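Remember, it's 1-based here, ligands and their atoms both numbered in the order they're listed. FYI, side chains are in, hydrogens and waters are out, and symmetry mates aren't considered; it's all heavy atoms of this structure. Since we're looking at a predicted model, the values are computed, not measured.
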Amino acid sequence: MTKENTFLEDIDLGLSSEKKFISSHFFYDKIGDELFQKIMELPEYYLTNCELEIFRDQSESIISSFDIIKDQEFELIELGAGDGKKTQYLLDNLLKNGYNFKYIPVDISQNSLDVISDRLVNLFPYLTLEAKQGEYFTVLDELFSSEKPKVILFIGSNLGNLNDEVAHDFLNKLATHLKPNEKLLLGLDLIKSREIVLPAYNDAQGVTREFNMNLLKRINEDLGANFILENFKHQPEYTEEGFAKSYLVSKIKQEVYVKDLDKTFEFDENEKIHTEISRKYNDEILNDLLKNSSLEISDKFLDSKNYFADYILTKK
Ligand code: AVJ
């Protein structure tokens, strides 16, 4: 199936559903990638700076927690590599301390991989880098075909886009690939007050709004729809159990025609389209996700505000 077909079918499914939704997966076209880069630089989007601080100040301890022997070659696999600015600290430290490893960034976007590869190879001439393009759910089998010991990085609270059931299945699947004592470094945003979380998804400059609206723009451009963007508003919500959710809300009763489906969708006034979940965590929630998974928490690194955690999970 082509990517376009998946997009078409998923949009059909999501907009036909009783509770309308569009998968957050579709945020990341070229414009979406750029908008997310901008989000990471927003003062309200604390996640990036918190995790950057952890990597900047605690790389040495993080590396010790990997429990690897210096001379033994290993593979450092990063799922959803992004721009590599956080990982950079880790790579720098590993190289300076003479570790023998290959860095394998995995990303769905070849464009992102090219950018990160160029940047890191320039920065670290002695880094062995082998980028892998693909959706990390589907490339896992290929990644684990080599016998080399592995450390997996899954940072940025990217897990938070999955609902708990899918997250549990994903961690389980990852765990089955790891050998005893191998590590997964999992970066998660922690549960905290709405006064801090909500602005991160509702910034004053309106970049997050644009990021969400870009979904409708994409449907217009790629699938020939006639969404009138002004007739929708961006609405983030946060529940104290740790669910940040984003919605696009129809300001009026209206109809939208999608040419490639030859279908009209009706929207009531105030009807919502769910676009994203950004789950926040604590130890208890993570332990629930790890139930029956053969992974256990072996270390935890926090930023100075205790907003964000990088967990080290060890395969039992
Ligand atoms: C990349 C999934 C971690 O949910 O915080 C940022 C994406 N969405 N602002 C998040 C996002 C809106 C981000 N993750």
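- Numbered from 1 in the order shown, with element, the atoms of ligand 1 that lie under 4.0 Å from a heavy atom of N158 read 1 (C), 2 (C), 3 (C), 14 (N).
- F267 and F232 have their aromatic ring centers within a separation under 6.0 angstrom.
- Ranking protein heavy atoms by distance to atom 4 (O) of ligand 1, first place goes to S278 OG, 2.6 Å.
- Those atoms of ligand 1 that come under 4.0 Å of a heavy atom in S157, given as number and element, are 3 (C).
- Ligand 1 has no nitrogen or oxygen under 3.5 angstrom from a nitrogen or oxygen of T208.
- More than 12 heavy-atom neighbours from other residues, nucleotides or ligands sit within 6.0 angstrom of NZ on K316.
- Set against the non-hydrogen atoms of E276, the atoms of ligand 1 under 4.0 Å away are 4 (O), 7 (C), 8 (N), 11 (C), 12 (C).
- For atom 3 (C) of ligand 1, the nearest protein heavy atom (residue, atom name, distance) is G156 O, 3.0 Å.
- Taking every non-hydrogen atom of N161 and a distance limit under 4.0 Å, the qualifying atoms of ligand 1 come out as 2 (C), 4 (O).
- Taking the ring centroids of F154 and F170, they lie under the 6.0 Å cut-off.
- Taking atom 13 (C) of ligand 1 as the reference point, the nearest protein heavy-atom neighbour is Y45 OH, 3.2 Å.
- Of the charged side-chain nitrogens involved, none lies within less than 4.0 Å of a carboxylate oxygen, so that D33 and K30 do not count as a salt-bridged pair.
- Ion pairing of K150 with E182 is absent here, as no side-chain N (NZ or NE/NH1/NH2) approaches a carboxylate O to less than 4.0 Å.
- Ligand-side atoms of ligand 1 in range of Y28: 1 (C), 7 (C), range being under 4.0 angstrom from any heavy atom.
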Decide salt bridge (Lys or Arg N to Asp or Glu O under 4.0 Å) for D169 and K173; before the verdict, give the C-alpha distance in whole Å, the side-chain angles of both, and the deciding distance to 0.1 Å.
CA-CA 6 Å; D169 290 349; K173 192 170 172 205; over 6 Å; no
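- Contact annotation for F27 and ligand 1: no heavy atom of the residue comes within less than 4.0 Å of the ligand.
- Taking the ring axis of F265 as reference, the NZ or CZ atom of K20 does not stay both within 45° of it and closer than 6.0 Å to the ring centre.
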